[in-house]
Every structure is written in C-alpha cells, then in structure tokens.
Visitor: 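Below is the structure I would like to discuss, written out as structure tokens.
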Amino acid sequence: MAASARRGPYVCGIDAAMDVVTGKWKSLILWELHHYGIRRFAELRRGLPGVSEKMLIQHLREMEADGLVHREVYREVPPKVEYSLTEHGISLNAALEPLGAWGTERMQRIGAEKVSTREDTA
C-alpha cells in the first residue's frame, strides 16, 4: 500500500491525531474492531448502520495506510478478507476512550437515542 499523504506539518499533537481519525466512520471502525475483534467486511458494514460500501472501503484503506488496521487476505474460494487493529490502532483507541466516555455522558444529558446494531440484538 502506498504511503499516506498525511504527513504534516502539524500545529500540535491533537492536529496530528485528528488527521488519522477525521471522518465520522474511522472512530466507529476503531470501536467496532476493538469491541468485536477480527471482523470481515460484511460484519463491519452490519455493525456500522448507515455507512456506504464505498466509504467503508475508503476509510479502511486509509486506516491501513496509517498503520491502524491490518488487512489479512486468505487465498481461498470465495476470497476471505479479515480486518483487525494493529498495536498502533489499539493505542489510538485507548486514547479515544475518554472522549467516548464524555460522549456517553452527553448522550444521557441531552436524552439522545442510541442506534441499535444487529449485534446489539443478537
């Protein structure tokens, strides 16, 4: 995979961190892979209601280029591809945990509804 075009210059560490998680779906992909472990493409798509196939593919490619996600291709018929977090992705997810806690508190404070996924009902 080609090197990521995102290489700075940056104003601060938050700027550099946000560079790799910009976009609604990247942080949710990190959460999904952290929460459920290794996932196939269709499992990721089911776990992220509203994401288009095109956007999920784009974000997964960018996250792989940034060293956050590992893509394992199994040479079999039909082809099998699995995604998992790298150590770098795990450390970023850990850094985002306080932000997630803040967001959960905000949801409760404003009475926001939580979207159910297929995994929540299983």
Side-chain angles (χ1 to χ4, degrees):
M1 173 102 5
S4 173
R6 297 177 305 276
R7 297 281 181 224
Y10 297 115
V11 174
C12 64
I14 290 176
D15 187 16
M18 294 308 294
D19 194 21
V20 296
V21 293
T22 298
K24 175 180 180 179
W25 301 108
K26 287 184 181 180
S27 58
L28 296 175
I29 292 167
L30 284 169
W31 181 88
E32 180 80 8
L33 290 173
H34 173 76
H35 192 72
Y36 294 106
I38 297 170
R39 302 293 270 176
R40 294 182 71 176
F41 184 85
E43 292 171 321
L44 279 170
R45 186 134 186 243
R46 279 192 304 270
L48 303 170
V51 69
S52 69
E53 184 172 330
K54 178 184 174 185
M55 190 56 63
L56 183 55
I57 290 168
Q58 178 183 329
H59 282 327
L60 285 168
R61 285 181 180 158
E62 289 174 5
M63 293 172 77
E64 184 182 7
D66 288 330
L68 303 173
V69 170
H70 173 72
R71 181 177 184 259
E72 183 74 33
V73 179
Y74 296 91
R75 305 287 180 202
E76 57 187 52
V77 178
K80 178 179 172 183
V81 179
E82 293 179 335
Y83 296 91
S84 60
L85 290 179
T86 63
E87 288 298 319
H88 194 55
I90 291 168
S91 68
L92 176 57
N93 206 44
L96 292 173
E97 283 180 9
L99 184 60
W102 183 90
T104 299
E105 287 177 17
R106 180 178 185 274
M107 287 169 52
Q108 292 169 351
R109 181 173 42 86
I110 67 173
E113 185 178 330
K114 182 181 177 203
V115 174
S116 292
T117 65
R118 181 177 283 188
E119 302 293 331
D120 291 337
T121 59

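Only heavy atoms go into these numbers, but all of them, side chains included; no hydrogens, no water, no symmetry mates. Along the sequence shown, the residues carry numbers beginning at 1.
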Visitor: Could you check R61 against I57 for side chain to side chain contact (heavy atoms under 4.5 Å, CB included), going step by step and ending with a plain yes or no?
Guide: CA-CA 6 Å; R61 285 181 180 158; I57 290 168; 3.5 Å; yes

Visitor: In the structure I gave you, are the side-chain heavy atoms of I90 and L30 within less than 4.5 Å of one another anywhere?
Guide: no

Visitor: Check for a donor-acceptor pair, side chain of D19 on one end and backbone N or O of D15 on the other, with a separation under 3.5 Å.
Guide: no

Visitor: Does atom CD of E87 have more than 12 heavy-atom neighbours from other groups under 6.0 Å away?
Guide: no

Visitor: Before you tell me yes or no, could you show the steps for I29 and Y83 under side chain to side chain contact (heavy atoms under 4.5 Å, CB included), namely the whole-Å CA-CA distance, both residues' side-chain angles and the distance that decides it to 0.1 Å?
Guide: CA-CA 10 Å; I29 292 167; Y83 296 91; over 6 Å; no

Visitor: Indicate yes or no: at least one non-hydrogen side-chain atom of H70 is less than 4.5 angstrom from one of E64.
Guide: no

Visitor: Please name the pair of heavy atoms, one in K24 and one in S27, separated by the smallest distance, quoted to 0.1 Å.
Guide: O-OG, 3.6 Å

Visitor: Do Y36 and E43 meet the criterion of a side-chain donor-acceptor pair at a distance under 3.5 Å?
Guide: no

Visitor: Would a distance-only check, ignoring hydrogens and angles, find a side-chain to backbone donor-acceptor pair under 3.5 Å from E105 to W102?
Guide: no

Visitor: So if you build clusters from Ile, Leu, Val, Met, Phe, Trp, Tyr with side-chain heavy-atom gaps below 4.5 Å, do L99 and V20 land together?
Guide: yes

Visitor: Which heavy atom in I38 sits nearest to a heavy atom in S84, and how many Å separate them?
Guide: CG1-CB, 3.9 Å

Visitor: Test E72 against K80 for salt bridge (charged side-chain N to carboxylate O under 4.0 Å, His left out), laying out the working first.
Guide: CA-CA 8 Å; E72 183 74 33; K80 178 179 172 183; over 6 Å; no

Visitor: List the steps and the verdict of side chain to side chain contact (heavy atoms under 4.5 Å, CB included) for L60 and L44.
Guide: CA-CA 10 Å; L60 285 168; L44 279 170; 4.0 Å; yes

Visitor: Determine whether E32 and R46 satisfy the following criterion, side chain to side chain contact (heavy atoms under 4.5 Å, CB included), listing intermediate values before the conclusion.
Guide: CA-CA 10 Å; E32 180 80 8; R46 279 192 304 270; over 6 Å; no

Visitor: Spell out, as yes or no, whether a donor-acceptor pair under 3.5 Å connects the side chain of T86 to the backbone of L68.
Guide: yes

Visitor: Flag yes if more than 12 heavy atoms outside I14 fall under 6.0 Å of its CD1 atom; otherwise flag no.
Guide: no

